[in-house]
Amino acid sequence: MKMLNYVVVALMLMTSACGQTQSANVDVVKNVKVEEFKTNLESMENVQLVDVRTPGEWQSGIIEGAHLIDINGSSFKEDVAKLDRSVPVLVYCRSGGRSSSAASIMADMGFTQVYNLQGGITAWAGSGQATVKP
């Protein structure tokens, strides 16, 4: 019975800790649509624009000024760690899934403002926004 109590307490602590991390990430990571992403890109000072797609996808076109940090690359966390955690990060991928994961990782690493482009570069280009070849 005593062992069962320890297990219950341990599970409660783990559940509580997971909930706090998730809510902390919600405060740091903002999922935004194309217009807000564009406004942030144009109006924020020292913004860091990160494309987390593969190098092959990168070659098909990017949002001007983006830096490639492939979320599937072996040095992803190492490369992200080189960014300034106190400066806003705008992150995108093809459709928003990988960049959402990347944004959560960045929040866990101590970044304070991360904006994920909903729909990714597909939504960006689909709304008539410009892309450039790297």
Side-chain angles (χ1 to χ4, degrees):
M1 189 64 163
K2 199 173 195 178
M3 179 59 109
L4 181 59
N5 288 341
Y6 286 126
V7 171
V8 170
V9 169
L11 287 173
M12 287 173 49
L13 289 173
M14 288 186 336
T15 303
S16 173
C18 290
Q20 289 173 351
T21 300
Q22 186 177 15
S23 83
N25 285 354
V26 169
D27 293 336
V28 172
V29 176
K30 305 285 188 252
N31 293 304
V32 298
K33 295 183 181 197
V34 171
E35 284 306 314
E36 186 175 349
F37 195 86
K38 180 182 180 194
T39 299
N40 290 345
L41 184 59
E42 293 172 346
S43 66
M44 291 179 165
E45 290 189 33
N46 302 319
V47 69
Q48 302 170 106
L49 180 60
V50 178
D51 183 328
V52 297
R53 297 177 298 158
T54 65
E57 290 173 302
W58 165 267
Q59 291 301 318
S60 68
I62 66 169
I63 298 173
E64 188 170 10
H67 298 281
L68 175 63
I69 305 179
D70 180 0
I71 191 168
N72 296 320
S74 60
S75 63
F76 176 74
K77 284 187 177 180
E78 216 173 88
D79 294 338
V80 167
K82 295 174 186 172
L83 299 173
D84 186 339
R85 286 172 174 79
S86 66
V87 174
V89 177
L90 277 65
V91 62
Y92 70 93
C93 64
R94 183 181 51 83
S95 61
R98 287 174 286 173
S99 57
S100 179
S101 296
S104 291
I105 292 168
M106 291 175 181
D108 289 342
M109 292 175 69
F111 286 81
T112 58
Q113 297 178 68
V114 184
Y115 297 86
N116 175 47
L117 176 57
Q118 292 178 336
I121 199 164
T122 302
W124 178 269
S127 71
Q129 302 304 317
T131 60
V132 297
K133 295 287 183 178

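Count residues from 1 along the sequence.
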Subject >> Pairing residues for Arg94 by the side-chain hydrogen bond (donor to acceptor under 3.5 Å, both in side chains) criterion, not counting sequence neighbours >> reply: none

Original post:
Between Trp124 (side chain) and Lys38 (backbone), is there a donor-acceptor pair under 3.5 Å?
Top reply: no

Original post:
Do Leu83 and Val50 touch side chain to side chain, with heavy atoms closer than 4.5 Å?
Top reply: yes

Subject >> Thr39 side, atom OG1; Lys33 side, atom NZ - distance, nearest 0.5 Å >> reply: 14.0 Å

**OP:** Would you please name every residue forming a side-chain contact (heavy atoms from CB on, under 4.5 Å) with Ser127, sequence neighbours left out?
**Re:** Val34, Gln129

Original post:
According to a 4.5 Å side-chain heavy-atom criterion applied to Ile, Leu, Val, Met, Phe, Trp and Tyr, with indirect links allowed, do Val52 and Val47 form part of one hydrophobic cluster?
Top reply: no

Original post:
For Asp79, what residues pass the salt bridge (charged side-chain N to carboxylate O under 4.0 Å, His left out) criterion, not counting sequence neighbours?
Top reply: Lys82

Original post:
Which pairs with one or both residues in residues 61-71 pass side-chain hydrogen bond (donor to acceptor under 3.5 Å, both in side chains), sequence neighbours excluded?
Top reply: none

Original post:
Do the side chains of Val91 and Val132 join up, straight or via other hydrophobic residues, at under 4.5 Å, putting them in one cluster?
Top reply: no

Original post:
Quick one: are Met44 and Leu90 in side-chain contact, heavy atoms under 4.5 Å?
Top reply: yes

What donor-acceptor contacts under 3.5 angstrom involve side-chain atoms of residues 53-61, with partners at least two apart or in another chain?
residue: Arg53; atom: NE; partner: Asp51; partner atom: OD1; Å: 3.0
residue: Arg53; atom: NE; partner: Asp51; partner atom: OD2; Å: 3.0
residue: Arg53; atom: NH1; partner: Glu57; partner atom: O; Å: 3.2
residue: Arg53; atom: NH2; partner: Asp51; partner atom: OD2; Å: 2.7
residue: Arg53; atom: NH2; partner: Gly61; partner atom: O; Å: 2.6
residue: Thr54; atom: OG1; partner: Glu57; partner atom: N; Å: 3.2
residue: Thr54; atom: OG1; partner: Glu57; partner atom: OE1; Å: 3.2
residue: Glu57; atom: OE1; partner: Thr54; partner atom: N; Å: 2.9
residue: Glu57; atom: OE1; partner: Arg98; partner atom: NH1; Å: 2.8
residue: Glu57; atom: OE1; partner: Arg98; partner atom: NH2; Å: 3.3
residue: Glu57; atom: OE2; partner: Arg98; partner atom: NH2; Å: 2.8
residue: Ser60; atom: OG; partner: Glu57; partner atom: O; Å: 2.5

Can you give me every donor-acceptor pair (side chain of residues 110-121, partner residue at least two apart or in another chain, under 3.5 Å) with its distance?
residue: Thr112; atom: OG1; partner: Arg85; partner atom: O; Å: 3.3
residue: Asn116; atom: OD1; partner: Ser99; partner atom: OG; Å: 2.4
residue: Asn116; atom: ND2; partner: Asn31; partner atom: OD1; Å: 2.8

**OP:** Just do the side-chain contact (heavy atoms from CB on, under 4.5 Å) check on Phe76 and Ile69 with the steps written out, would you?
**Re:** CA-CA 6 Å; Phe76 176 74; Ile69 305 179; 3.4 Å; yes

Original post:
Does a side-chain heavy-atom distance below 4.5 Å link Val80 with Ile105?
Top reply: no

Original post:
Between Leu41 and Leu49, is any pair of side-chain heavy atoms under 4.5 Å apart?
Top reply: yes

Original post:
How many angstroms lie between atom CD1 of Ile71 and atom OG of Ser101, to the nearest 0.5 angstrom?
Top reply: 5.0 Å

Original post:
Linking I/L/V/M/F/W/Y whenever any side-chain heavy atoms sit under 4.5 Å apart, do Val87 and Val28 land together?
Top reply: no

Subject >> Polar side-chain atom of Lys77 near backbone of Ser74 as donor-acceptor pair, under 3.5 Å >> reply: no

Original post:
What pairs with Ser86 under side-chain hydrogen bond (donor to acceptor under 3.5 Å, both in side chains), at least two apart in sequence or on another chain?
Top reply: Asp84

